[in-house]
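Here is the naming used below: chain letters follow the sequence lines, and residue numbers restart at 1 for every chain.
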2 protein chains.
Amino acid sequence: MAALEARLREVGETRYHHRHPFQLMLQNGELDKRQVQAWALNRYYYQAMIPIKDASLIARLDDPELRRIWRARLVDHDGEAPGEGGIARWLKLTDGLGLGRELVVSTRGILPATRFAVEAYTHFVRDRTLLEAVASSLTELFSPMVIGQRVRGMLAHYDFVSAETLAYFEPRLTQAPRDAEMALDYVKRHAQRADQQQAVIDALRFKCSVLWAMLDALQHAYVTPGQVPPGAWNGEPGMGGQPT
Amino acid sequence: MAALEARLREVGETRYHHRHPFQLMLQNGELDKRQVQAWALNRYYYQAMIPIKDASLIARLDDPELRRIWRARLVDHDGEAPGEGGIARWLKLTDGLGLGRELVVSTRGILPATRFAVEAYTHFVRDRTLLEAVASSLTELFSPMVIGQRVRGMLAHYDFVSAETLAYFEPRLTQAPRDAEMALDYVKRHAQRADQQQAVIDALRFKCSVLWAMLDALQHAYVTPGQVPPGAWNGEPGMGGQPT
């Protein structure tokens, strides 16, 4: 199983979005405020769908013990009370960036490509084997390395962000490794055959492609060539994203 | 109902991909062979999924008359015999462009964003109301205007395409208007309430965003900045698109 873990880590090394140009620009202070806003606005949809994805996975787990462990992810994102949890902390970021709550929560201004990528992920978790669904969460193995750099880079370079607006990220530094260890343990125990191990690798590749496609779409719309598709957010703090 | 049709045509005018920079480059002869290959390779997945989308729509129609009418779309794409129909004609295009059949039919080299956009469309048709599913096909109202220009432009500008390799498009000039008229008639009869008419408009906007996102992804990967995502086709005629 050490071989499987090594293959998974190699997928992360080559395909995780820590290598994406938009991610590098974000952490190196090379984006303007509108571009950081676009990132936070679009990424909100991903954040908002994570507990829905996790609930559909829990709904497929027969074992109360596994359901209880996986439930921690719901608590992390939805909190114990209004205003708590990862989604609420993401809204502190979009608030801090001057984006209107209604615009953010409605998701009406996000890029269609963001929506398609995130939905591909939620459908994958709902429709594929449980092993693949669990394996698709393994990008968490790699997230601490981008989160640390992202927070340090953003605080150093952007006067429009503060430690408070980046409150989302700090808990993730402990939550993500805990979740990733559990998921890694699960796939090591359940991916015995070669075809199962290949399915696990493919699931992680798929998930990397979801994150990568989200940044490709941001880069295309807001950086190079900066061509916003019809109907998506155009840079107005509370407007844009045509009402449908 | 004339008002609904006028609103639908306005969506097409502003959001259909005849305005997309990649489409303009394609028909104006501004792409190189590799870029045209990338377009044909990725678009194959869309072509291949159309009859699957149509079958899932037929499966939701109670009326034998409507099923029979919609069935013509299956015949158009899948043909009456091996080697016939729209998918087979699309493969003549990819053959003519020098792409290996295995690479094309496997779809392993397509951009993840292409896959996510096309799947968003097939899921939309399967999961939304029948009215929305039918309405999402209304981009066919606008396709004759791009097909004519595309064929003329490609023949005029590219020595690597011929009338024979573009055989896909000619039948579409009569099939698409026939299909579009039927779907337009359906939505005019079934979208009586204002909320239903809005759902029809939104379904057409959604479908335009699918086609637009497919061209955005091609432009980003192969034109500007020309950044191919990990695992996608890299320009080799029969290779590229890493086996998974």
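With values rounded to the nearest 0.5 angstrom, F206(A) atom CZ is found 10.0 Å from R115(B) atom CZ. Q227(A) contributes atom CD, which lies 6.0 Å from atom CH2 of W212(B) (distance to the nearest 0.5 angstrom).
Considering every non-hydrogen atom in both P230(B) and T14(A), the closest pair reads CG-O, 4.2 Å. Listed here is the closest heavy atom pair of H220(A) and T224(B): ND1-O, 4.0 Å.
Looking at S209(B), both its backbone and its side chain come within 4.5 Å of chain A, counting heavy atoms on both sides. Contacts between V210(B) and chain A at a heavy-atom distance below 4.5 Å involve backbone atoms as well as side-chain atoms.
Among A213(A), A120(A), A117(A), P225(A), the residue making the largest number of heavy-atom pairs under 4.5 Å with chain B is A117(A).
In this structure, E10(B) places its CD atom where only 12 or fewer heavy-atom neighbours from other residues, nucleotides or ligands lie under 6.0 Å away.
Counting only heavy atoms from C-beta outward, the side chains of E119(A) and H123(B) never approach each other to under 4.5 Å.
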